[in-house]
> 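Please find one structure pasted underneath; my questions will follow.
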Amino acid sequence: MTKKEGGFLISEEDIKKRVKELADQISKDYEGKQPLLVGILKGAFIFLADLIRELSVDAEVDFLAVSSYGKATETSGEVKILKDLSESVEGRDVVIVEDIVDTGLTLRYLYDLLKTRKPASLRICALLDKKERRQVDVPVDYVGFEVPDLFLVGYGLDFAEKYRQLKYIRELTPEEVKNI
Ligand code: PRP
């Protein structure tokens with residue numbers, strides 16, 4: 001992770017290395033099991049795709065699509081489910097996979113929701129953690145990078161649906177935001 005003239009950046013190489021480390025840890029923790037990775041769309045799709053290919057345990061995958069709470073519901077943290085899981089998680093070892101934890105409201109809601117569906121175990125893996133923005137506690141078991149409170153794009157993260165395709169993560173400067 002580097003801070004240089006061009007702004008904050010996590011390079012493709014750094015991401016690759018860290019994703020492998022997370023996958024190794026998950027493979028170790030779930031040895032002999034078949035975890036179900038639940039990706040939260042849209043942001044997590046690239047991270048999940050890379051993470052699952054580095055696992056040495058058999059894993060399955062499912063997705064949840066959510067829309068962020070609007071301003072009015074920010075305090076409740078209620079999240080609208082746009083697409084629910086396609087299968088039951090009862091008795092499964094579930095790992096929620098997210099690109100970023102910010103206020104924590106989305107994950108808190110989803111964690112509590114999935115918990116009611118009686119998985120055998122439930123953990124969270126997030127590539128990025130903007131800890132200083134946290135409003136509610138959320139148990140994040142696997143974290144890729146702790147990041148500062150900057151507008152970050154790339155590797156699944158967007159601004160107005162753009163930039164998700166970047167192989168690296170970088171800061172979007174206020175000037176760039178203005179010009180979009
Ligand atoms: C991002 C991210 C998390 C959420 C985190 O999603 O993927 O789901 O925000 O924020 P929180 O911790 O403050 O709740 P976003 O709403 O940008 O949607 P996207 O994944 O479709 O880009």
Side-chain angles (χ1 to χ4, degrees), residues 1 7-10 12 14-15 18-19 22-23 26 35-52 61-86 89 94-117 119 122-174 176-178 180:
M1 225 179 334
F8 182 85
L9 180 81
I10 308 177
E12 183 182 357
D14 287 347
I15 294 172
R18 191 69 189 117
V19 169
L22 290 173
I26 292 170
L36 174 67
L37 306 190
V38 170
I40 311 304
L41 296 173
K42 300 175 185 170
F45 77 108
I46 291 179
F47 174 42
L48 188 144
D50 284 348
L51 184 73
I52 199 168
V61 68
D62 206 343
F63 291 98
L64 266 173
V66 300
S67 79
S68 306
Y69 39 86
K71 279 251 176 317
T73 54
E74 190 155 350
T75 40
S76 72
E78 196 168 327
V79 170
K80 194 167 165 211
I81 307 285
L82 301 176
K83 179 221 161 300
D84 207 334
L85 296 172
S86 49
V89 296
V94 175
V95 182
I96 302 175
V97 179
E98 254 295 21
D99 54 344
I100 187 163
V101 200
D102 189 331
T103 62
L105 290 167
T106 305
L107 270 176
R108 180 76 256 173
Y109 182 85
L110 294 177
Y111 183 90
D112 292 343
L113 175 74
L114 295 193
K115 203 76 185 169
T116 64
R117 299 181 183 181
L122 184 58
R123 284 188 178 174
I124 294 175
C125 174
L127 181 66
L128 306 179
D129 186 355
K130 252 188 206 177
K131 236 182 186 157
E132 61 190 277
R133 292 255 312 157
R134 197 76 89 253
Q135 285 180 23
V136 288
D137 251 4
V138 59
V140 189
D141 303 279
Y142 306 99
V143 175
F145 302 94
E146 249 188 57
V147 292
D149 185 16
L150 300 170
F151 203 110
L152 302 174
V153 293
Y155 200 72
L157 288 105
D158 75 310
F159 177 71
E161 295 302 324
K162 306 253 172 5
Y163 301 102
R164 293 195 200 271
Q165 76 214 59
L166 299 179
K167 291 180 181 174
Y168 50 87
I169 292 165
R170 74 167 175 90
E171 176 188 1
L172 200 65
T173 63
E176 286 177 295
V177 173
K178 234 190 312 172
I180 285 179

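In this text, all values refer to a predicted model and were calculated from it rather than measured experimentally. Start at 1 and go down the list; that is how both ligands and their atoms are numbered.
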> So, are K162 and E176 salt-bridged, with charged N and O less than 4.0 Å apart?
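The answer is no: the pair does not qualify as a salt bridge.
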
> Relative to the heavy atoms of K42, which atoms of ligand 1 are at a distance of less than 4.0 Å?
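Contacts of ligand 1 toward K42, numbered from 1: 19 (P), 20 (O), 21 (O).
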
> Only heavy atoms of D99, strictly under 4.0 Å: list the atoms of ligand 1 that pass.
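Counting from 1, the qualifying ligand atoms are 2 (C), 7 (O).
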
> Would G104 count as a polar contact of ligand 1, with the cut-off being nitrogen or oxygen pairs under 3.5 Å?
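Indeed, backbone or side chain, G104 has an N or O that close.
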
> To the nearest 0.5 Å, what is the distance between CD1 on I40 and CZ on F47?
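Taking CD1 in I40 and CZ in F47, the distance rounds to 12.0 Å.
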
> For the pair K42 and D99, find out whether any cationic side-chain nitrogen is under 4.0 Å from an anionic carboxylate oxygen.
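Salt bridge absent between K42 and D99.
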
> Heavy-atom distance to atom 14 (O) of ligand 1: which of L127, D102, D158, T106 wins?
T106

> Examine the proximity of ligand 1 to R108 and report which part, side chain or backbone, both or neither, has a heavy atom under 4.0 Å away.
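Neither; nothing of R108 gets under 4.0 Å from ligand 1.
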
> When only distance counts, is G43 in polar contact with ligand 1, meaning an N/O pair under 3.5 Å?
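Yes.
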
> Only counting residues at least two apart or in another chain, list the ones meeting ring-ring contact (aromatic ring centres under 6.0 Å, His included) with Y168.
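ring-ring contact (aromatic ring centres under 6.0 Å, His included) list for Y168, sorted by chain: empty.
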
> Is a side-chain donor or acceptor of K131 paired with a backbone partner of E146 at a separation under 3.5 angstrom?
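Checking the backbone N and O of E146 against the side chain of K131, no donor-acceptor pair under 3.5 Å is found.
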
> For ligand 1, which atoms have a heavy atom of I100 less than 4.0 angstrom away?
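Taking each heavy atom of I100 in turn, ligand 1 has 2 (C), 3 (C), 5 (C) under 4.0 Å.
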
> Heavy-atom contacts with T103 under 4.0 Å: which atoms of ligand 1 show up? List them by number with element.
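Here the atoms of ligand 1 in question are 11 (P), 12 (O), 13 (O), 14 (O).
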
> Just to be sure I read this right, does ligand 1 sit under 4.0 Å from the backbone of E98, its side chain, both, or neither, counting only heavy atoms?
side chain

> Could you list the residues that satisfy side chain to side chain donor-acceptor pair (under 3.5 Å) with K130, not counting sequence neighbours?
none

> Near L105, which atoms of ligand 1 are under 4.0 Å from a heavy atom of that residue?
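Ligand 1 atoms under the 4.0 Å threshold to L105: 12 (O), 14 (O).
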
> In this structure, does ligand 1 have an atom that sits under 4.0 Å from one of the heavy atoms of L107?
no

